[in-house]
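One structure is given below, encoded as structure tokens.
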Amino acid sequence: MTNQLTKRSQDYSKWYNEIVIKSGLAEFSGIRGFMIIKPYGYSLWEIMKEKLDQMLKKSGHENVYFPLLIPKSIFSKEKKHTKILSEGCAVVTHYKLIKNKKKEFIIDKESRLEEELVIRPTSESIIWKTYKNWIQSYRDLPILLNQWGNVLRWEMRTRLFLRTNEFLWQEGHTAHSTQEEAIEEAEKILNIYTNFSEKILGIPVLQGIKPHTDKFYGSEKTYCIEAIMQDGKSLQIGTSHFLGQNFSKAFDVQFTNKNGKKEYVWSTSWGVSTRLIGGLIMTHSDDKGLILPPKVAPIQIVIIPIYQNKEKFDIIDDMVKKIVKIFEKEKIRVKYDNIKTLTPGWKFHEYEMKGVPIRINIGEDEVENKKVEVFRRDTREKMYLSWIDLKSSIIELLDNIQKNIYKKALDRTQKFLIKSDSYQDFKKIINNHGGFVLAHWDGTKNTVKKIQEETEATIRCIPFAFEREKGKCIYSGKPSFQRVIFSKSY
RNA sequence: CGGGGUAUAGCGUAGUUUGGUUAUCGCGCCUGGUUUGGGACCAGGAGAUCGUAGGUUCAAAUCCUGCUACCCCGACCA
């Protein structure tokens, strides 16, 4: 009663905040823009991380770790890229605290660093400074490295998981001897991200490339995957950059090719972050709480015993323990909640809030009839399954839930994908229900700016999935080569 | 950085307009008992320098001044 969520239809933003907190994923830290990822949220991240890590390793990447702090002089080398990023950087200037007369800590002015250290907003600079030492010959290439870590970007406005000052991510940094190979790498990664998003997280995405008006400074091509949330706003959930020779030139990283000639190295960088968790929430969850895809749910099955007295509990307990063993053997993440102080009803609501895909009830009835009551979170349906082939039917059900929530999201994404050829119509769509609007654009910055001012929508990407088609810009009427995706976004 | 809001027990809150005993209520927590198939019940109990610093007053959660923090809405962005 007291613990219900605000309805999505009432206030989507409020619903989002409440679900993050009430499901136990994360909470506010008391430090502006920083959050605490709680055990449930962190174990979700760990599972996601493990899956993506496997995919990256399978495709030939290795993990490394570079320092959190970057000397300012190194940081400054790549001018285009640092120009914008530097606006949200925290800088370490001292290394020591001392106590004053009131016994409060103050900065020891004597400890001022000769060179200030920037807390990494991303690691291109320190990595490319290092790559200079690692690369001499074409035989040293390619270098395919990835790093799991945290970065800091001082944001003006923050939201749990979607935008926080500090976030966890992976950043890949690769070096190649040819342009083609680097482009291929950036595209390969985009496909890995797409696969991960769709197959593991159940989030359908649109692949595309950022228009020149909105790409990462220092990159030649910025590939991205964009997903549409339930409220019709889009979320960029992954990016992969083809960086050309920008970083190798800035850090003077050259290699000797087969013909004995020096060439600058070609590179890529790419990343996904804890923002994915925000996307996961906003893609699948409902007014009762989270709905997590079985492949990443920290708890895939929760078993709740229902009993009247000690003797009956012992019998039920016995049966549950056997079932738990069967599931554990299959590496299913199962939790047996036999806490006596909470009633079954309380637990039902709690695990629904936490988005556990399957709940199993076991009481006297179930023991007698060798069956279990099964509740699936995604459709909120109850069913009875026989104990005999429980293992296979549960594995099948988990698979079914995974597919079902993806399909539901895919249907919605397709409904949200709308072509528009008149600005009137365009404004209506954006204002009424949002979504991805496919429209012609004249390629100018000015048009993007005007449309944003008037509708809040921006160009998310130039999508791959659609044929090139000539037309007229929806805003200016000038000629256009292709449709781009407009949307309001997070 | 601009606009708005909030700050009272672990959480959510009443009280602030119009100053006045011992600061309200619910959830949670502790003890004992009864319960347990969709957020159980009874009895008892613990828990608060009312965000912070100062001021006005016989008297301040309440009035005045400064400060701080966080949240929400925009501009910057994964």
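Note that the structure is a prediction, hence the values are computed from the model and not measured. Chain letters run A, B, ... following the sequence lines, proteins first, then strands; residues in each count from 1.
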key: Interatomic distance, Lys310(A) NZ vs U36(B) C1' [rounded to whole Å]   = 15 Å
Measuring from the side chain of [X] (C-beta onward, heavy atoms only), which nucleotide among [options] has the closest atom?
X	options	answer
Arg359(A)	G38(B), C76(B), C71(B)	G38(B)
Ile306(A)	A78(B), G39(B), U36(B)	U36(B)
Arg380(A)	G37(B), C71(B), G38(B)	G38(B)
Thr164(A)	A78(B), A40(B), C76(B)	A78(B)
Pro344(A)	C71(B), G38(B), U36(B)	U36(B)
Lys382(A)	G38(B), G37(B), C71(B)	G38(B)
Glu373(A)	C76(B), G39(B), G37(B)	G37(B)
Ser13(A)	C72(B), G39(B), G37(B)	C72(B)
Arg157(A)	A78(B), C73(B), U36(B)	C73(B)

request  = May I ask you to decide whether Glu226(A) forms a salt bridge with Lys210(A), counting only side-chain N to carboxylate O separations under 4.0 Å?
outcome  = yes
ask   = Are Arg153(A) and Glu166(A) within salt-bridge range, i.e. N to O under 4.0 Å?
value = no
query = Does Phe348(A) have Arg359(A) sitting over its ring (NZ/CZ under 6.0 Å from centre, angle to axis within 45°)?
reply = yes
query = Side chain of Glu366(A), base of G37(B): donor and acceptor closer than 3.5 Å?
reply = yes
ask   = Taking atom types as they are modelled, is there a donor-acceptor pair under 3.5 Å from the base of G38(B) to the side chain of Glu352(A)?
value = yes
task = Could you check Phe375(A) against Arg275(A) and say which one's nearest nucleotide on RNA chain B is further toward the 5' end?
result = Phe375(A)
key: Closest-nucleotide 5' rank along RNA chain B - winner of Gly238(A) and Pro305(A)   = Pro305(A)
ask   = How far does the P atom of G55(B) sit from the matching atom of C73(B), given to the nearest Å?
value = 39 Å
Nearest-angstrom distance, P atom, C50(B) to U22(B) = 14 Å
key: Exam field: side chain Tyr475(A) to backbone Tyr423(A), donor-acceptor pair closer than 3.5 Å   = no
Between Ser123(A) and Glu171(A): side-chain donor-acceptor atoms closer than 3.5 Å = yes
